[in-house]
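Whatever order the structure lists ligands and atoms in, that order sets their numbers, starting from 1. Index from 1, following the sequence.
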Amino acid sequence: MYIPHRIFFEKDALEYSLGKKLIDRFQREGKAVKYTSSHNRVTLLPGDTPPKRFLEAKRTLVVGVRRTLTFAGCKPSAHYQLPLTTGCPGLCQYCYLHTTLGPRPYMRLYVNVNEILEQAAQYIQSRLPEETYFEGSATSDPLALEHYSGSLARTINFFSGMEKGFFRFATKQTYVKNLLKVKHNGKTQVRFSINTPKIVQDYEGGVPQVKERIRAALAMKKAGYPVGFLIAPVFIYEGWEKEYLNLLEEISSLWKANSSPGENNDTTFEIIAHRFTARAKKNILSVFPHSSLPLEEKERKFKYGQFGYGKYLYSPDIYQQMKELFLPTVPRLFPGGEVSYIV
Ligand code: SF4
C-alpha cells in the first residue's frame with residue numbers, strides 16, 4: 001500500500017472536508033506536512049541523479065484542488081477522463097505516464113471530489129439520451145490512493161444513481177476491500193492490468209504481483225462488478241504468443257472454478273500494444289538508463305495521436321498477429337466475454 005515519504009498541501013485544499021480530514025490524519029500519524037501554493041512549485045526534491053529524483057518524486061504526495069474541470073477525451077476506453085488523482089506509485093519502465101507527466105511524476109490527490117462529480121453529471125446531461133462513459137485512470141492508478149481518499153468509493157456510489165452515466169477505471173493495485181460493499185448497480189467497471197511473467201519481471205516494479213491482481217479481480221467479480229482485463233502493453237518477443245495464451249488460460253480456469261451456472265461472464269479484454277513517444281523514450285532512458293525496453297524508432301511505424309504528439313507503434317503485420325491470437329481465444333476461454341479493442 002502506498003505510503004508517501006513527504007506530503008505537500010495546496011492551502012486551498014483545506015477548504016474542503018476531504019482536505020481537512022487528510023491533514024488531521026497525517027498530523028495524527030506524525031507525518032510532516034509542508035504547504036505549497038501550487039503543485040507546480042513542488043521542486044527541489046532530494047536526489048542527485050535522475051533515477052533517484054524520479055523515485056523520490058513517486059514518494060511525494062501533493063494534496064490539492066483540481067482546477068481544470070473541462071474533462072479531456074479518452075478514446076478508445078471512454079468519452080471523457082474523470083480525474084480523481086494524477087500519478088502512480090508504480091515503477092513500470094514502459095509506463096505511459098513518462099509521456100504525460102514527464103519530470104513531475106509525483107502523486108496528486110484532488111479533494112474537490114463533489115465539484116468533479118457535479119461536472120461529470122453535467123457532461124452526462126449534455127449528451128442525453130446517449131450514454132456517457134468516464135475513465136478514471138487516464139493519468140493515474142486511482143486505486144493507489146483510495147486508502148487515503150475514499151474518492152473511488154464515492155464516485156462508484158455516485159454513478160450507481162446515474163441512469164446514463166458509466167464509470168470505469170484500470171489498476172494494477174489490489175486494495176479493493178473498501179470497494180466490495182459499495183453500492184454500484186453495475187455502473188462501474190474495473191479492469192486489472194496484467195502481463196506475462198517475462199514482461200512483469202523485466203519491466204514492472206513497485207506494483208503487486210499478477211496473481212494478486214487476478215485475486216483482486218475475482219473479489220470484485222464476486223461483489224457483482226463488471227470486471228475486465230487490460231493486457232497492456234503487449235510486447236512481441238520470442239514465445240510471446242504462448243505466454244499471453246498461458247495468461248488467458250490461467251484466468252479462465254480461475255473464472256470457471258468460481259462461477260456459478262448461468263452466471264453472466266461478460267469479462268472484457270482491452271489489448272494495447274506497446275508504443276512509445278520521443279518524450280517517453282528520453283525520460284525512460286534518463287530514469288532507467290540500463291533499460292532493455294525495445295525503443296528503436298526504425299523498427300516501428302510512426303503515427304500522430306489524439307493529443308498532438310506522435311507515437312511509435314508496432315507494424316500492421318504485428319497487429320494482425322495480435323488479432324489472430326486474441327480475437328478467437330477470448331470468446332473460447334471466456335464464453336460471453338469479448339475483446340473490446342486492440343490498439
Ligand atoms: S501501474 Fe500503470 S500507471 Fe503505474 S507505473 Fe505501472 S504502467 Fe504506469
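Centroid-to-centroid, the aromatic rings of Y237 and H274 stay 6.0 Å apart or farther. Not less than 6.0 angstrom separates the ring centroid of W240 from the ring centroid of Y314. Ring to ring, Y203 and F288 are not that close: their centroids are 6.0 angstrom or more apart.
Side chain of E297 to main chain of Y312: no donor-acceptor pair is present (N/O by atom type, distance under 3.5 Å, no hydrogens or angles).
For the ring-ring contact (aromatic ring centres under 6.0 Å, His included) with F159, the lone residue among F134, Y225, F166, Y133 that qualifies is F134.
Atom 4 (Fe) of ligand 1 has an N, O or S atom of C88 closer than 2.8 Å. Distances from atom 8 (Fe) of ligand 1 show that C95 has an N/O/S atom below 2.8 Å.
In the vicinity of Y94, heavy-atom distances shorter than 4.0 Å reach the ligand 1 atoms 7 (S). Close contacts of ligand 1 with G90, meaning ligand atoms under 4.0 Å from a residue heavy atom, involve 5 (S).
Of the protein's heavy atoms, K172 NZ, 3.4 Å lies nearest to atom 2 (Fe) of ligand 1. Closest protein heavy atom to atom 6 (Fe) of ligand 1: C92 SG, 2.3 Å.
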